[in-house]
Amino acid sequence: MDTMYRLKCVGCGTEYPADEIIYHCPKCGHLLAVRYPLDAIQVEKATWAKRPLSVWRYRELLPVIIEPVTLQEGGTPLYHLKKIGEELGLPHLYAKHEGMNPSGSFKDRGMTVGVSMALQLNKRSVACASTGNTSASLAVYAAKAGIPAVVLLPAGKVAVGKVAQALMHGARVISIRGNFDRALEMVHELCLSHGLYLLNSINPYRLEGQKTIGFEAIDQLGGVPDRFVLPVGNAGNISAVYKGLLELQDLEFIDRLPMMTGIQAAGSMPVVRAIRENLPEVVPEDHPETVATAIRIGAPVNAEKALVAIRKTGGLAESVTDAEILAMQRDLARKEGIGVEPASAASVAGIRKLAESGAIDRSEKIVCVVTGHLLKDPDTVIRQCEPPTEIDADLPSLLAALRL
Ligand SMILES: *Cc1c(COP(=O)(O)O)cnc(C)c1O
Ligand SMILES: [Zn+2]
């Protein structure tokens, strides 16, 4: 394969050819990242500006050289959170609504690139472990590519909308009696022994697609925000956005970096603990628990990269309780008209907490990534709301019910 980029170990720095199918450095075991010769890349900001806002606007900084497997992912709205911002005294608070992607989460940005790379690397089957959205997205893109997908889910811990998607789009869906962290170990072994292409966020190519969240937000704002806020599960997304911003800086498209800020659920917060206690690496949690199932992860595989992103940019890490997450899910829905799943509300709930505790400057321009759509997890929504009022089918009953 004739490509300019290579895979580089984030631990020891050893470089490998781009078509070597490895997920960890054979020498030291750390993860790999895609490294482009940025001085040789021919790209102008003006060229990007002419293309539609989408993952593929930025294709010179993506690894795919074949015709991509795409469903028009990215190009998601950036909303000004006017009312919530006013309440918090944050006049420049924005939400990038990644629930508006084809399968309803940002995972589509990774999968359009990841599944395209599977074909580019001559792989003909794909697999992942998932708390839900990765499996939904993989099923969608494998269907589009016409190749089989295997997904492993933690039994009983995946929101119903996500399972429905994985099933309907035709993936082989396996529920394991264990948590996400165990599912990932198992699928990793399966991929190494049976040649399936692994598309969890240890896959360096998948993260390349996800970095475009940052590119788009900067294009939409017309400049670099002061702070990027993301919910953190496996910590792939926050690491991906940071990597992309470093590349923009190397290309001299931007002249400073935003403070990368990660939010976790109080029942599952190894990254927050590592930042708070200034630990060199995260200590995994054995029994992560939270209503925000998309970030119910005790051993985040990209934690090492996320710690660098947060520390190098002077960012923050904060945790929020399930009650705080659900309260913000409701506020986003009722005050802003933005419907997101619980994990997504964690980013804005985290900002509420940081603003109220005085940890951030209120004049900051802040972009919260809200990661997945409300309809992903209808059960959690129904549990929080009053059921519909059922009445006889006549007007007096209607007026009585409405108290008119
Ligand atoms: C995957 C996911 C996350 C967590 O992203 P990581 O890259 O694992 O940190 C957050 N929210 C939603 C909705 C997700 O699907
Ligand atoms: Zn290494």
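All ligand and atom numbering here is 1-based and tracks the order in the structure. On a predicted model such as this, the values are computed, not experimentally measured, just so you know.
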Using a 4.0 Å heavy-atom cut-off, which part of [X] comes near ligand 1: side chain, backbone, both, or neither?
| X | result |
| --- | --- |
| Gln210 | neither |
| Asn133 | side chain |
| Ala343 | side chain |

To check your reading of the model: name the closest protein heavy atom to [atom], its residue, and the distance in Å.
| atom | answer |
| --- | --- |
| atom 14 (C) of ligand 1 | Lys107 NZ, 2.8 Å |
| atom 8 (O) of ligand 1 | Asn234 N, 2.7 Å |
| atom 5 (O) of ligand 1 | Phe106 CZ, 3.5 Å |
| atom 12 (C) of ligand 1 | Thr371 OG1, 3.2 Å |

Checklist entry - Does any N or O atom in Gly233 lie less than 3.5 angstrom from one in ligand 1, N or O only? => result yes
Next on the checklist: Could you check whether atom CZ of Arg177 has more than 12 heavy atoms from other residues, nucleotides or ligands sitting under 6.0 Å from it?
Outcome noted: no
Checklist entry - Are any N, O or S atoms from His30 nearer to the Zn ion (ligand 2) than 2.8 Å? => result no
Checklist outcome for this item: atom 10 (C) of ligand 1: of Val271, Ile295, Thr131, Asn237, the nearest heavy atom sits on Ile295
Item to check | Check against salt bridge (charged side-chain N to carboxylate O under 4.0 Å, His left out), Glu324 and Arg352 | outcome: CA-CA 9 Å; Glu324 289 166 335; Arg352 171 181 276 167; over 6 Å; no
Checklist entry - So what does the Cys28 SG - the Zn ion (ligand 2) - Cys12 SG angle come to, to 10°? => result 120°
Next on the checklist: Once rounded to the nearest 0.5 Å, what's the spacing between atom CD of Glu73 and atom OG of Ser54?
Outcome noted: 7.0 Å
Checklist entry - Looking at Gly236, which atoms of ligand 1 are within less than 4.0 Å of one of its heavy atoms? => result 6 (P), 7 (O), 9 (O)
